[in-house]
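Take a look at the structure below.
Quick note on labels: first sequence line is chain A, next is B, and so on, each numbered from 1. Predicted model only: the values in this text are computed from it and were never measured.
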2 protein chains.
Amino acid sequence: MADTAAASAAPARPLRADARRNYDRILAAAEAEVARSGASASLEEIARQAGVGSATLHRHFPTRQALLEEVFHDRVEALCAQARELATSDDPGEALVTWLRAVAVYGATTRGLAASLRMGPAHPPSGTGCGAMLLDAGGELLRRAQDAGAVRRETSMIDLLTLVNAVSLVTEGDADAADEAVRLVSLAIDGVRPLPVPGGPA
Amino acid sequence: MADTAAASAAPARPLRADARRNYDRILAAAEAEVARSGASASLEEIARQAGVGSATLHRHFPTRQALLEEVFHDRVEALCAQARELATSDDPGEALVTWLRAVAVYGATTRGLAASLRMGPAHPPSGTGCGAMLLDAGGELLRRAQDAGAVRRETSMIDLLTLVNAVSLVTEGDADAADEAVRLVSLAIDGVRPLPVPGGPA
DNA sequence: CCAACATATGGAGGGGCACCCCGTTTGTCA
DNA sequence: TGACAAACGGGGTGCCCCTCCATATGTTGG
């Protein structure tokens, strides 16, 4: 999207050409390596594959978290776009559920993503981070679902995303991660109790 | 409990006295260290605190997982006991929910426990491990709840525990981990949709 | 009581990783 | 084109996991 974050965050001064090139190389290498080894991929290996010194990697991305946020920026952005689109649905309840499932599947099948999305009281979604983006995008969906009476009022987006992310985290790496994630999220959304069937319990 | 696992697993030959002593010291040190630093506590630090060489630690516990399983054995056993007790409740549905909440709270407040309970299709609960123990204990509760019609038939214990464990994993370390875990588990159990009130929807 | 032997120990070493310092190189722009 | 800020990356530090093997120590049969 648009521009790599270094620029979007601080439009102060453009990166020098070589710095920009290295930045992009590191990001590409990180993407590949994280896909292979998950969120705990070796930073040195990433630097090696990018053909830069480890110091350069650390200069561009002071923390592992910063690197991961950037690596997943596009995917998260895509999820946000999907949320905006679903927000126009005429079945807000179903729209929310569809989106949550999509988030779960993305998280479960994209190694490392879930770990970089830790959120909650103790992990305040850092203003511009991936967590905050999803929180914003989903908030609208949740509001609509609640207005439509499809979701309880006391439910918060942060709890929903935390739950979905927890599922992603746990299923990540499994052979059929997507299936599992969808099943667990559906379980959580529907609850464990039997639905009172229209005709009344048998 | 009863006996440290080395004996219960292979009654073949008793450990030599010094070996047994070191085994216990390592376990005690691990308990303290894992409580401080979570599941990724430094094994060398544990050995240091136990006053043994790192080789000794690795000989007694070939993998980190093996050590964690032993560290949490007692707590997991306690949860299983609680499950057995709850299995006599005259409200099987509530009994199951109570137990799941207890598991979540234990997991969220006991650093490292959740990580050592990873289970699911890809992480087959190793026969004698903590996962299998909980699965067994909870199975009875689930069966009763289902027989009482309080829980849907298609729900599996492994999914329930995976979900609960996911919550523990994500909330672990938060300031109010227990509250958060209970809230999220409750959310998952009740589902996000409004309960159809007896009087009918407004 | 004491050898002799299986059992157990731990220091040292190999390989890896994260992170940082600082002398050197390289864009950039007046 | 020259001078200067910006960026680079080799190499060092400290930590970690894990294994090898020379040494020490309980155990037990005579």
Proximal nucleotide (of [options]) relative to the [X] side chain:
{"X": "A:Glu44", "options": "C:dA18, D:dG26, D:dA7", "value": "C:dA18"}
{"X": "B:Ala55", "options": "C:dG27, D:dG11, D:dT19", "value": "D:dT19"}
{"X": "B:Leu43", "options": "D:dG9, C:dT9, D:dC17", "value": "D:dC17"}

Could you give the [atom1]-to-[atom2] distance, from [X] to [N], as a whole number of Å?
{"X": "A:Leu68", "N": "C:dA18", "atom1": "CG", "atom2": "P", "value": "12 Å"}
{"X": "B:Ile46", "N": "D:dC15", "atom1": "CD1", "atom2": "C1'", "value": "15 Å"}
{"X": "B:His58", "N": "D:dC20", "atom1": "NE2", "atom2": "P", "value": "12 Å"}
{"X": "B:Leu15", "N": "C:dA6", "atom1": "CG", "atom2": "P", "value": "18 Å"}
{"X": "A:Arg64", "N": "C:dC17", "atom1": "CZ", "atom2": "P", "value": "11 Å"}
{"X": "B:Phe61", "N": "C:dA8", "atom1": "CZ", "atom2": "P", "value": "13 Å"}
{"X": "A:Leu67", "N": "C:dA18", "atom1": "CG", "atom2": "P", "value": "11 Å"}
{"X": "B:Arg25", "N": "C:dT9", "atom1": "CZ", "atom2": "C1'", "value": "13 Å"}

Practice problem: Applying salt bridge (charged side-chain N to carboxylate O under 4.0 Å, His left out), name anything that partners A:Arg21, two or more places apart in sequence or on another chain. | Solution: none
Quiz item: Does B:Met157 reach the side chain of B:Leu141, with side-chain heavy atoms less than 4.5 Å apart?
Solution: no
Quiz prompt | Earlier contact from the 5' end, DNA chain D, for B:Asp18 and B:Ser40 | solution = B:Ser40
Quiz item: How do B:Arg21 and B:Thr63 order along DNA chain D: which one's closest nucleotide is nearer the 5' end?
Solution: B:Thr63
Think [X] has a side-chain N or O under 4.0 angstrom from the OP1 or OP2 of [N]?
{"X": "B:Asn22", "N": "C:dT9", "result": "yes"}
{"X": "B:Ser42", "N": "D:dC17", "result": "yes"}
{"X": "A:Arg48", "N": "D:dG10", "result": "no"}
{"X": "A:His60", "N": "D:dC8", "result": "yes"}

Practice problem: Report yes or no: do B:Ser37 and B:Arg111 form a side-chain donor-acceptor pair below 3.5 Å? | Solution: no
Exercise. Not counting sequence neighbours, which residues clear ring-ring contact (aromatic ring centres under 6.0 Å, His included) with A:Phe61? List them please.
Key: A:Tyr23
Quiz item: Does the D:dA6 base have a donor-acceptor partner in the side chain of A:Arg16 within less than 3.5 Å?
Solution: yes
Exercise. Establish whether the base of D:dG9 is bridged to the side chain of A:Arg59 by a donor-acceptor pair shorter than 3.5 Å.
Key: yes
Quiz item: Should we count CZ of A:Arg75 as having more than 12 external heavy atoms under 6.0 Å?
Solution: no
